[in-house]
Amino acid sequence: MPEPGPLRLGVNIDHVATIRNARGGEHPDPARAAALVRAAGGEGITFHLREDRRHIRDDDLVRIREAAGGLPLNFEMAATDEMISIAERFAPDAACLVPERREERTTEGGLDAAGGHDRLVGPVDRLREAGARVSLFIEPAHEQIAAAKSLGAPVVELHTGRYGELFLSGDDAACQSELQRLREAAAYASGLGLEAHAGHGLSFDNVAPVAAIREVVELNIGHFLIGEAVFTGLEAAIARMRELMDEARA
Ligand code: PXP
């Protein structure tokens with residue numbers, strides 16, 4: 001079997017803005033975090049402009065771009081006309097469509113690409129025409145991956161939230177079976193010519209088995225890294241995550 005290729009780390013900086021917004025004002029600034037991600041060797045900046053603007057705000061976007069100094073920007077968004085229009089103007093390198101419900105605390109579950117084809121086809125086309133590499137944040141299920149392919153999205157981001165929860169639950173058998181589902185999904189996506197990414201709920205403790213999946217080429221990690229940064233600083237947290245990913249990959 002060939003050696004697995006490189007694995008990129010995209011850092012989701014939303015929760016720097018969550019802390020800022022808890023008080024209002026400008027501190028801590030997610031744009032400053034974007035500059036630190038670059039300094040620490042992160043390979044991409046991910047941010048989610050939510051409908052309710054609970055963390056990233058519209059006025060953050062340009063400052064994040066300036067601070068990122070050329071690192072690829074991955075714009076997560078719901079497939080609404082408002083968000084697609086903002087993305088068309090902003091022209092990010094990558095755009096990731098996610099499901100969004102106002103009452104959820106974070107993105108719970110993947111996008112229903114299989115059941116939502118007619119609703120998603122327009123947004124995927126518009127984002128592609130805006131020059132973004134489109135990914136769909138989906139559950140690691142064959143029908144969702146096949147639907148992403150038929151929608152013309154070149155990338156799928158496999159939702160690792162369930163794996164993360166099972167990891168914490170102590171139910172090892174269920175956790176291993178979810179991991180196997182992720183492995184099979186990544187292989188299936190790759191076989192269809194799609195690029196496989198993964199993310200949600202990843203931490204120092206649970207990242208290794210996901211990083212070891214050879215078809216996965218990018219991880220997007222946010223909440224844990226920003227939380228860890230409170231104790232060690234963002235650069236150290238990213239450097240440690242990078243180390244764990246590289247070890248798992250080797
Ligand atoms: N990928 C996607 C598509 C997401 O929506 C999120 C959460 O915003 C993440 C990755 C990162 O998840 P976490 O913050 O749990 O690391």
Side-chain angles (χ1 to χ4, degrees), residues 7-19 21 30 33 37 42-56 60 64 72-80 83 87 92-102 104-113 120 123-124 127 132-140 144-145 148 153 155-168 182 185-186 189 195-208 210-211 216-230 234 237-238 240-242 244-245:
L7 178 63
R8 299 189 296 268
L9 172 60
V11 178
N12 185 319
I13 57 175
D14 291 345
H15 295 303
V16 176
T18 305
I19 298 171
N21 297 357
V37 170
E43 281 117 341
I45 309 283
T46 295
F47 48 87
H48 184 175
L49 185 65
R50 277 184 166 264
E51 188 193 7
D52 62 7
R53 310 303 198 267
R54 70 175 67 159
H55 33 61
I56 297 297
D60 290 328
I64 288 172
L73 301 181
N74 177 26
F75 190 155
E76 291 177 2
M77 72 190 82
T80 61
M83 286 303 149
D93 304 276
C96 180
L97 289 175
V98 303
E100 200 177 295
R101 284 186 299 119
R102 231 170 230 274
E104 70 190 358
R105 266 192 292 176
T106 182
T107 312
E108 291 164 5
L111 194 67
D112 184 9
L120 292 171
V124 170
L127 290 169
R133 199 163 158 67
V134 182
S135 81
L136 303 184
F137 188 43
I138 55 173
E139 292 298 319
Q144 297 297 345
I145 296 165
V155 180
V156 287
E157 179 159 331
L158 303 175
H159 199 311
T160 51
R162 183 165 162 73
Y163 161 71
E165 280 169 17
L166 289 169
F167 184 89
L168 289 175
L182 285 162
E195 193 170 289
H197 299 179
H200 211 281
L202 296 176
S203 68
F204 290 162
D205 289 337
N206 69 13
V207 75
V210 179
V216 170
V217 301
E218 179 175 309
L219 299 182
N220 284 298
I221 307 182
H223 185 268
F224 177 83
L225 285 174
I226 304 305
E228 190 64 13
V230 170
L234 188 54
I238 291 170
R240 178 68 186 140
M241 188 61 83
R242 182 73 263 173
L244 291 165
M245 286 163 56

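Residues: numbered from 1 along the sequence shown. Note that the structure is predicted; figures quoted are calculated from it, not measured. Read the numbers this way: they start at 1 and go in the same order the structure lists the ligands and their atoms.
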Could you list which atoms of ligand 1 come closer than 4.0 Å to a heavy atom of His223? 13 (P), 14 (O), 16 (O)
Show which atoms of ligand 1 fall inside a sub-4.0 Å distance from at least one heavy-atom site of Val98. 3 (C)
Atoms of ligand 1 close to Asn220 [distance to a heavy atom under 4.0 angstrom, numbered from 1]: 10 (C), 11 (C)
For ligand 1, is there an N or O atom under 3.5 Å from any N or O atom of Cys96? no
Considering all heavy atoms of both residues, which atom of Pro140 and which atom of Leu158 are nearest to each other, and what is their separation? CA-CD2, 4.1 Å
If you measure from each non-hydrogen atom of Glu157 to ligand 1, which part falls under 4.0 Å: side chain, backbone, both or neither? side chain
Minimum heavy-atom distance Thr160-Ala198, with the two atoms named: CG2-CB, 3.9 Å
Give the atom numbers and elements of ligand 1 that come within less than 4.0 Å of a heavy atom of Ile221. 16 (O)
Does one side chain, of Asn74 or Thr46, offer a donor that lies under 3.5 Å from an acceptor on the other? yes
Determine the interplanar angle of the His159 and Phe137 rings, folded into 0 to 90°, and report it as parallel if under 30°, tilted if 30 to 60°, perpendicular if over 60°. parallel
Could you pull out all residues at least two apart from Ala113 that satisfy side-chain contact (heavy atoms from CB on, under 4.5 Å)? Leu120, Leu136, Ile138, Gln144, Ala147, Leu151
Would you mind finding which of Gly161, Gly10, Gly222, Ala198 brings a heavy atom closest to atom 16 (O) of ligand 1? Gly222
Considering non-hydrogen atoms only, spot the tightest contact between Asn206 and Val210 and give its length. O-CG2, 4.3 Å
Report the part of Glu76 (side chain from C-beta onward, or backbone N, CA, C, O) that has a heavy atom under 4.0 Å from ligand 1; answer both or neither where that applies. side chain
